[in-house]
Amino acid sequence: MKDKAIKIACIGAGNVGATAAQYCLELELGNVVLCDIVEGLPQGKALDMTQAGPIRGYGSLCTGTNDYADIAGADLVIVTAGLPRKPGMTRLDLLEKNGMIISGICEAIKTQAPDSTVIIVTNPLDVMAWLAYQKLGFPKNRVLGMAGCLDSARMSAFIAMELNVSMKNINTMVLGSHGDTMVPLPSYTTVSGVPITELMTPDRLEALIARTRDGGGEIVRLLKTGSAYYAPAAGAVRMAQAILRNEQQLLPCAALLEGEYGLSDVFVGVPCILGQNGIERIQPLKLTDDEQTALEASAAEVREGIEGLRSLGVL
Ligand code: A3D
């Protein structure tokens, strides 16, 4: 039992970061420090969220800061700081810009919160999680990336909408990297225990998988400026909850692989048991040959990104 209140640092007070802070407060997972480089932004949002407490019925506090020193002693850090890819920007440009941001933030986490567990959300997700792991020097169980929770939730939502059933008892599992090469697993998809293959035709299932793959893009096209943030923040906070409450919950997360699923030295989405030690263990699953090939292709894409970081001298 800890003798002090749980402290959560959300680095990046933009759409995903502030929403993650709000979900943490609503769940009373701990007190939240919201940190951003823009003066006044985290302070204003934190004050606003604290003032919602008496109405929403939570007692956790939120403070805003531009000073990394204020994340000192955090138990858990959610990193959402970064730039989105803008028109005219290449993948390599984004890698360089977000790579520099993540590197700087990891330096601060390393000195200020050396015992924390770190959840990366910044894109390109799996590559940034790999970079954070390198820069932090933390044990591999304390560095995770959030993508699988979001991609699985999107697939569950599409299935619920298609079948007109409750979203509550739908189980999906999406592995691989966050992007076009994600690996949804129909064989592990059920509705109240009923295999999805008994509830819809292969064509319809394929269409929902394609929509899941394009889940982020669909929202970007609708919003026109900015990208999704409610569900991404929910994914990060689901992971935070499993860790801070020692739930031993099986969730798909980007994790460092060292031989699991036949892959090494790469971050990619796999099923993880999350508890007080962060990743308690990676759960092996039986994959079909096609699924295994798809996971390997996904890992190859992440490796390309890692090589990109090396060529830019960010690693
Ligand atoms: P946005 O609303 O622009 O917020 C980003 C915030 O980061 C801004 O307030 C910046 O001021 C801040 N920032 C930049 N540099 C620093 C720094 N060094 N220290 C502290 N704060 C800084 O973006 P968003 O919240 O919509 O998205 C944030 C990131 O999450 C982006 O990289 C997105 O691509 C990514 N994202 C990932 C997913 C996944 O599923 C993996 C989903 C949605 C968004």
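Note that ligands are numbered from 1 as they come in the structure, with each ligand's atoms numbered from 1 the same way.
Atoms CG and OG1, on Leu208 and Thr189 in that order, are 10.5 Å from each other to the nearest 0.5 Å. Taking CD1 from Ile105 and NZ from Lys135, the interatomic distance works out to 13.0 Å, rounded to the nearest 0.5 Å.
In this structure, of Ser177, Ser227, Ala81, the residue bringing a heavy atom nearest to atom 22 (C) of ligand 1 is Ala81.
When hydrogens are left out, the protein atom nearest atom 12 (C) of ligand 1 is Asp36 OD2, 3.1 Å; that is the closest non-hydrogen contact. The shortest contact between atom 28 (C) of ligand 1 and any protein heavy atom is with Thr80 O, 2.9 Å. Among all non-hydrogen protein atoms, the one lying nearest atom 39 (C) of ligand 1 is His178 NE2, 3.4 Å. Closest to atom 24 (P) of ligand 1 among all protein heavy atoms lies Val16 CG2, 3.7 Å.
A tilted orientation is assigned to the rings of Tyr133 and Phe267, their planes being inclined by 30° to 60°.
Residue Ala228 places a heavy atom under 4.0 Å from ligand 1.
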Checklist entry - So Met182 and Ser298, side chain to side chain contact (heavy atoms under 4.5 Å, CB included) or not? Walk me through it. => result CA-CA 7 Å; Met182 69 177 71; Ser298 216; 5.7 Å; no
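Residues Ile159 and Val191 are in side-chain contact: their nearest non-hydrogen atoms beyond the backbone lie under 4.5 Å apart.
Counting heavy atoms under 4.0 Å from ligand 1, residue Val38 touches it through the side chain alone. Contacts between Pro232 and ligand 1 below 4.0 angstrom, taking non-hydrogen atoms only, involve the side chain exclusively.
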